[in-house]
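Below is one structure, written out as structure tokens; comments come after it.
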Amino acid sequence: MTTSKSKPLPGTLEVGEPVTTSTRRWRIRLKGLVLPVAIIVLLEIVVRIGWIPSYQMPAPSDVALTIRDLAEGALWKHISASLLRVLGGFAIGATLALVFAAWVGLSREAEAYLEPTFAGLRSIPSLAWVPLLLLWLGIGETSKVVLIAIGAFFPVYLNGVAAIRGIDRKLVEVGQMYGFSRRRLTLRILLPAALPGLFTGLRSGLSLSWMFLVAAELIAATKGLGYLLSDGRETSRPDIVLAAIIVLAVLGKLSDGVLAGLEKRFLAWRDTFTGQGREG
Amino acid sequence: MTELLLDIHVERKAFAATTVLQNVRLQLQAREIVSLLGPSGCGKSTLLRIVAGLEKDFSGKLQRAPGAVAFVFQEPRLMPWLTVEQNIGFSDDRHYDKAWVTQLIEEVGLKGFADALPKSLSGGMAQRVAIARGLYSRPQTLLLDEPFSAVDAFTRMKLQDLLLQLAEHHAIALLLVTHDVDEALYLSNRVLVMGNRPGNIRQELHVNLPQPRDRRDPELARLKAEALTALHLAHVI
């Protein structure tokens, strides 16, 4: 588990000094911080000495202050509004996608009926739905949630179908040998075997959900992080825009982290997942 | 001892326009060990799959005595997300007989690996688990499709001895597909030499040697020569 992301360092650097894996891991993390910290420091200096006007690019410390101010006021309202929309839209889109993926994946008949339609719908850039959704559903919550659901649907659906169709026929045959019913076959073999692909789909569906959230909230919203973005632009407050961007990044990373954690937990059996086992 | 477990007569089995099996008759007695020996493509695996019920589209007649038949595939085919124990009890979902599984794990020499995942097993160990999974349903007949073809020669010999022990201990009959002449002769009471296009049984060799056998037994060498002659006459070597 702990070695999944660490790359071996060149051994010649630490001669005579034993390096444990945890200090090695921290060194890699520190290396990852070098570039962002350098950029922040550079920006701070450049803005403070006046090379860039602060109404265009606020100093990083100002952005931090803005985030603190927002956190004492309206930020939580915006975060909860956005989070609810994303979770709602993602839940609806991903659930529908899983149902259709299972249906199309398991039945040639369903594939023949449904797949051409989905292929056609998929070729519509999802943002093209925005005007129609606004016309049909108004500018309320429904249109936003539906747009996010559309965005989440296709990655989950596509990966789901591919995952089911990629299941090793030989494992399915074991179930047939035991005379498993279709339901038992699905629960005992097909679902676990398709799980890696399903997780890939869910994770990309979730990241698209955040993208469509911003699109929906930029167009019409009175609260939410997208609203914060457009509000910052209209009031010429780049610090607010940057604050909203940072919060979006943090939320996106956290929500993806939840799925990644689940993935790691459920898919620990994968031979490719941790590389070398403990016993080698 | 002379209870008939299996009686199959395949008049014809074809994939598209190609006839793979024609007029094959095979009987298996209780506790008997029979090998189907032949080259790739002679239909021996197909015959085994027909016996197992995995292949239903053929003309002919299949009679099986009541009682479980289990199948060990060429590859272990373990569910990678289940532990060794769960894989062995796979046919009973989560309510498998734990004591029986534990006994089987010991019998196949994997004590201590009950909670291991398949990814941490070697090829030979994985095949031991597959055999234990086959035995779990207490079959009277175990069907094996080239079960040791993917392991090295030394592991193969060990697994052959293990298989013989288990067959003896659990009083089960084995029907084994192989392309290894030595393996067929070392394990079996009868070796059925199959030929190609269409696949059918060209010769039956009786190995009248008691178990356990000595791999260096001159009688095995004599029978090997006979089997090779039969294979030669069948134009497969």
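Below, all heavy atoms of this structure are taken into account, side chains as well, without hydrogens, waters or symmetry copies. Computed from a prediction, not measured in an experiment: that's the story for all the values here.
Residue contact with chain B, scored on non-hydrogen atoms closer than 4.5 Å, is absent for A:Leu187. At a 4.5 Å heavy-atom cutoff, the contact between B:Phe90 and chain A is made by backbone and side-chain atoms alike. Heavy-atom distances place the side chain of A:Phe180, and not its backbone, under 4.5 Å from chain B. Proximity to chain A (any heavy atom under 4.5 Å) is shown, for B:Arg133, by both the backbone and the side chain.
A salt bridge links A:Glu111 with A:Arg165: the distance from a Lys NZ or Arg NE/NH1/NH2 to an Asp or Glu carboxylate oxygen falls below 4.0 Å. In this structure, A:Glu173 does not pair ionically with A:Lys170, as no charged nitrogen and carboxylate oxygen lie closer than 4.0 Å.
The main-chain N or O of A:Leu225 is found under 3.5 Å from a side-chain atom of A:Ser82 such that the two form a donor-acceptor pair. Of the possible polar contacts, none joining the B:Asn200 side chain to the B:Asn23 backbone as a donor-acceptor pair under 3.5 Å is found.
Most heavy-atom pairs under 4.5 Å with chain A, from the set B:Leu117, B:Leu54, B:Asp93, B:Leu82: that is B:Asp93.
Using cut-offs of 30° and 60° on the angle between ring planes, the pair A:Phe118 and A:Tyr157 is tilted.
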